[in-house]
Amino acid sequence: MAERIVVDPITRIEGHLRAEVEISDGTIKEAFLSSTMVRGLENIVKDRNPKDVWAFVQRTCGVCTATHATASVRSVEDALGIVVPPNAEIVRNIMLGALYLHDHVVHFYHLHAFDWVDVLSGLNADPVKTSQLAQSISNWPKSSPGYFSDLQKRLKKFVASGQLGIFANGYWGHPQMKLPPEANLMATAHYLEALEWQKEIVKVHAIFGGKNPHPNFLVGGMACSINLDDASGLNAERLAFVRQLLEDGKRFVEQVYVPDVLAIAGFYKDWGAIGGFHNFMSFGDFPTQGYNNTNMNTFKFPSGVILNKDLTKVHDLDLRDLKTVEEYVNNSWYDYEGEGNTGRQPWSGETKINYTGPKPPYTHLNVDQKYSFIKTPRWKGHAMEAGPLARMLVGYASGREEFKDIIDSTLSTLQIPAAALFSTLGRTAARALESKLVAEWNLEFFDALIQNIKNGDTKMANMEKWETSTWPKESQGVGLVEAPRGALSHWIVIKNGKVANYQQVVPSTWNASPRDPKGQRSPYESSLLNTPVANPDLPLEIIRTIHSFDPCIACAVHLYDENGNIIKEVNDISICTI
């Protein structure tokens, strides 16, 4: 008989997410994922000036705020035919690139690492051997025996006091924890170092956008001016500081993050066959010759779709085909006017809440009916995975040399086959590998900005169509962004200078959505199937795969048996990322 367990809420994510799985013979046979929060910003921005919408929808999330602002201004620029100056696109690229580094590092160390790292095991580590391990994988300067010895003493004081703080709860001692004590101590040290580093890289947003989170944007460009001699503008001192921050970010990624991920992956190669999906989608991003969402050949991240794990063919992605992307609400707590299981293209989409399900606390969801506040998007009828793995696979399958080099090198280092990419392990590694690429691109973008300035180009905004009186009576546009978590799109319909309709299809909509009318599972639900679970009372394996997607949907996990009784309660061990 199958045993159903509930993890609600899943912690160390952004937002609220519930997982229900059925386990038989130690393996997950069925899975349902439900988002138990509602957004509704689409309704809030109706009838507003489209130029102001970015400031509202950016509040969708306190983690990936700049991406929603970028998608919003791109949607308006697309609708009105506004061409953004090269400097503004470069600054947007740098801000997005800085967010990638911040988001991926924070996700790995502070949200995902404790699915693989046993902090308390590090108390038994030999600091000398830990130093040797650290120096064998990187030339990061903080790797002496004394450094790790001092850290270990601090951890032991935490334990002796009975107040572990951020390390108070976790899956310590779980049979699926495989790292030796020295690797655990090293990773814990880098967890703490990442806490310090992450507050520095976000200063890039403060310099270009005035603050972080929620930096300032502008339809037609960026709200910052270049003046090398003005203390209030982007002067030489501030630009030099940006470069230093980008160089420091590149160094941390290359000398700490990537080596740690590869070292940890070497102990978990079996996870190269667990938690995979089959379809992948990348919108493409980081334009090098201007943003144009109908021609993305010059983007650093190429656009395309991979179906059924076939890396020999990349399908073209044309979202302007009105039947390419459709959202369904058959299993979501929403309704479409006069329609049952018919999908809606986002330009004609609705955000009409129809929540008739059980009120929390409930024992189990009625998964035969509506069970989530997430809609179900499909590309030409296919469920798609979005995110770092999708981007890296599309780049790899497109024949881009830098993608092929870094992926093939990693596969060789770990001595695993290409098939291992389609997995929880592959998803986690892809995030680190693309961070290395983006860290390099950040400096390329910065050098291009400086060269433009040297050439006399300081233009940062195009205000030719700023007045609504110059706009067509009706227009529509879509803003596409490869957010750190994946393919993000904002769809706008403008009538008489106001927002007539607005829809957001975010990465976690693609990944975490409930089933469509055909019964097709989305990536979260599908990836959990056939996952072995060593101890249903401590289902670490569920958390590993869900965390590998970096959910953006906060702050204890409750596990219930079939009678609704609490089996185990695990307090959140994450930090606040907002």
Which class fits the ring pair Y257 and F108: parallel under 30°, tilted 30 to 60°, perpendicular over 60°?
tilted

What is the ring orientation for W197 with F252, classed by angle as parallel under 30°, tilted 30 to 60°, or perpendicular over 60°?
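Parallel.
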
Can the ring centroids of W271 and W116 be said to lie less than 6.0 angstrom from one another?
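Ring centroids of W271 and W116 are less than 6.0 Å from each other.
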
Proximity of F286 and F301 rings by center, below 6.0 Å:
yes

Listing, residues 433-440 side-chain donor-acceptor contacts under 3.5 Å, not counting sequence neighbours, or none:
from	atom 1	to	atom 2	distance (Å)
E434	OE1	R391	NE	2.9
E434	OE2	H104	NE2	2.7
E434	OE2	R391	NH2	2.6
S435	OG	R431	O	2.8
K436	NZ	E440	OE2	3.1

Heavy atoms from other residues, nucleotides or ligands near NZ of K459 exceed 12 (cutoff 6.0 Å):
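Yes.
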
Has K129 got more than 12 heavy atoms of other residues, nucleotides or ligands less than 6.0 Å from its NZ?
no

Validate the cation-pi geometry between R12 and F114: distance from NZ or CZ to the six-membered ring centre under 6.0 Å, angle to the ring axis within 45°.
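Geometry flag: not set, cation outside 6.0 Å or 45°.
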
Answer yes or no on whether K465 is positioned over the face of W471, meaning its NZ or CZ is under 6.0 Å from the six-membered ring centre and within 45° of the axis.
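Because its charged atom misses either the 6.0 Å distance or the 45° angle limit, K465 does not stack over W471.
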
Go through it in stages, so that I can follow the logic: the residues are D230 and N235, the test is side-chain contact (heavy atoms from CB on, under 4.5 Å), and I'd like the CA-CA distance, side-chain angles, deciding distance and then a yes or no.
CA-CA 6 Å; D230 187 347; N235 55 37; 5.7 Å; no

Can we say E247 and R251 salt-bridge, meaning some charged N sits less than 4.0 Å from an Asp/Glu carboxylate O?
no

Without swapping roles, check the side chain of R59 against the backbone of A55 for a donor-acceptor pair under 3.5 Å.
yes

Show your working on side-chain contact (heavy atoms from CB on, under 4.5 Å) between N216 and K211 and close with a plain yes or no.
CA-CA 7 Å; N216 293 310; K211 55 192 173 73; 4.2 Å; yes

Using ring pair (Phe, Tyr, Trp, His ring centres under 6.0 Å) as the criterion, list what pairs up with F422, not counting sequence neighbours.
F280

Which atom pairs, donor and acceptor, lie under 3.5 Å between side-chain atoms of residues 91-98 and protein residues at least two apart or in another chain?
from	atom 1	to	atom 2	distance (Å)
R92	NH1	E77	OE1	3.2
R92	NH2	E77	OE2	2.8
R92	NH2	L218	O	3.2
R92	NH2	G221	O	2.9
N93	ND2	P287	O	2.8

